[in-house]
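Structure first, commentary second.
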Amino acid sequence: MALTRLACVLVLLNIYCYISILAVMLTTLNQSPWANEFESIELSCLIKSISTVSPRIEWKKIKDGKPSYVYFEKQIAGDLENRAKIREPATLVILNATRSDTAQYRCEVTAPDDQKNFDEILIDLVIRVKPVVPTCYVPKSVPVGQSAELSCMENEGFPKSQYQWFRNHEEIPEDPKSSPKFLNSSYVLNSAMGTLKFSDVRKEDDAQYYCRARNEAGLAQCAPQRMEVYDINITSIVLGVLVVLVVLLCITVGICCAYRRGYFTTQKQTGSNSVYLQFKLCRLYNVGDDVAAHIIYKAPGKNDGVDYVRTEDEGDFRHKSSFVI
C-alpha cells in the first residue's frame, strides 16, 4: 500500500516536471515598483522556465484602460523611445522616468515550441513627483476677536501633498490641546486641504506664518508672512463719527443761512419782487400813484415780466391796464 502511494507521488512529480519544462513561466522581483521623477527604474520580467530558444518578448503600457506598445519587435517604442532599454532576457529599464510614466506595464512572452506557449505578468509603476513651492495666503492684519483663514496649495506633487503650518518656525499641531504653547489658541488645521482657520484671533497669534507641502518624493515651503493682530479702538471710532456729524451740521446751517439771505435767489425773481415791494411801501405811506411811479421807475429790461410804456417826455410815466398793483 505504501509502495503504491509512493509510486503515485513519483508519477505526479514527473508529470509536473515535464509540463514545467514544456511551459513558459514568468515571474517578477517587484510587482509594484516606484521611483522619484527623473530617476531610473527597473521593471523586472524573469523567465522562470522555457524550452523555446528565441521567444517573442513584448512590453505594453496600459493607461486609462488603453494599451500601447513600448517594446515591440526588439525595439523600444512609444513613450519610452530613447529613454529605456531591455536587459536580457526581458527586464525593462526606464532610464529617465517622468510623471507620465505612472501606469500599468505588461510583459508578454510567446514561446512557440513550448506546450504552454504564452505567459504574461502585470506590473504597477508609480512615479513620485516632488512638490513645488506652494502658494500661501496669510492676512496682513486681523482685529482681536475676529476670525481669520490662512491657505496653502500646490498642484504638482504626486502623490497628493500633505500640508504643515508653522508659527515662528514652530510646527502648529493639528490638535491645539496637544501642545502647551497652543493650548489657548482656537483654530482648525486641515492638513489635506492646507487651510488654517482661526475662529477667535488673540494677541498671541500675532506672528510669522509659513506652510510646507510634503509627500514621499520630497517637500517645499513658502516664505514666512506676518499676520498682525490689533485691538479695536472704540474711542477713536466714536470721536470720528462725532466729528463727521458736526461737520455735516455746520454745512447744513450755512446753507440755510445763505438761502435766507437771498444768495440763492435768481435775478428775475429779485427784480419782480423788488418792484412789487416798493409799490407796497408807497401805498403804506399814502404816497400817490403818480409819485410812486416816479419813485420806482427804472429802465425796463427785456425779461422784467412787466409791460412798461414811456412817452417822449422822460418824466411822464403811464402803464397799461395789465399793470396790476
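No hydrogens, no waters, no symmetry mates; every other heavy atom, side chains included, goes into these values. Predicted model only: the values in this text are computed from it and were never measured.
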Indicate yes or no: does [X] engage [Y] in a salt bridge with an N to O separation below 4.0 Å.
{"X": "R226", "Y": "D206", "answer": "yes"}
{"X": "R106", "Y": "E108", "answer": "yes"}
{"X": "E37", "Y": "R128", "answer": "no"}
{"X": "R56", "Y": "E73", "answer": "no"}
{"X": "R167", "Y": "D205", "answer": "yes"}

For the pair T28 (side chain) and S44 (backbone), establish whether a donor and an acceptor sit closer than 3.5 Å, ignoring hydrogens and angles.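 Indeed, once roles are kept as given, a pair shorter than 3.5 Å links the two residues.
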Quick check against the 3.5 Å criterion: does T52 have a side-chain atom that pairs as donor or acceptor with the backbone of D113? yes
Would you call P176 and Y187 a side-chain contact if the rule is heavy atoms closer than 4.5 Å? yes
Residue pair L150 / Q225, side-chain heavy-atom distance below 4.5 Å: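 They are not in side-chain contact.
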Pairs in or reaching into residues 114-155: which pass disulfide (SG to SG under 2.5 Å), with residues at least two apart or in two chains?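 Listed by first then second residue: C136-C222, C152-C211.
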Heavy-atom closest pair, residues A192 and K160: O-CE, 4.1 Å
If you take all heavy atoms of W165 and Y137, which pair is closest and at what distance? CH2-O, 4.3 Å
Show me the donor-acceptor pairs, under 3.5 Å and distance only, between side chains in residues 84-96 and residues at least two apart or in other chains.
| from | atom 1 | to | atom 2 | distance (Å) |
| --- | --- | --- | --- | --- |
| R87 | NH1 | E42 | OE1 | 2.3 |
| T91 | OG1 | C45 | N | 3.4 |

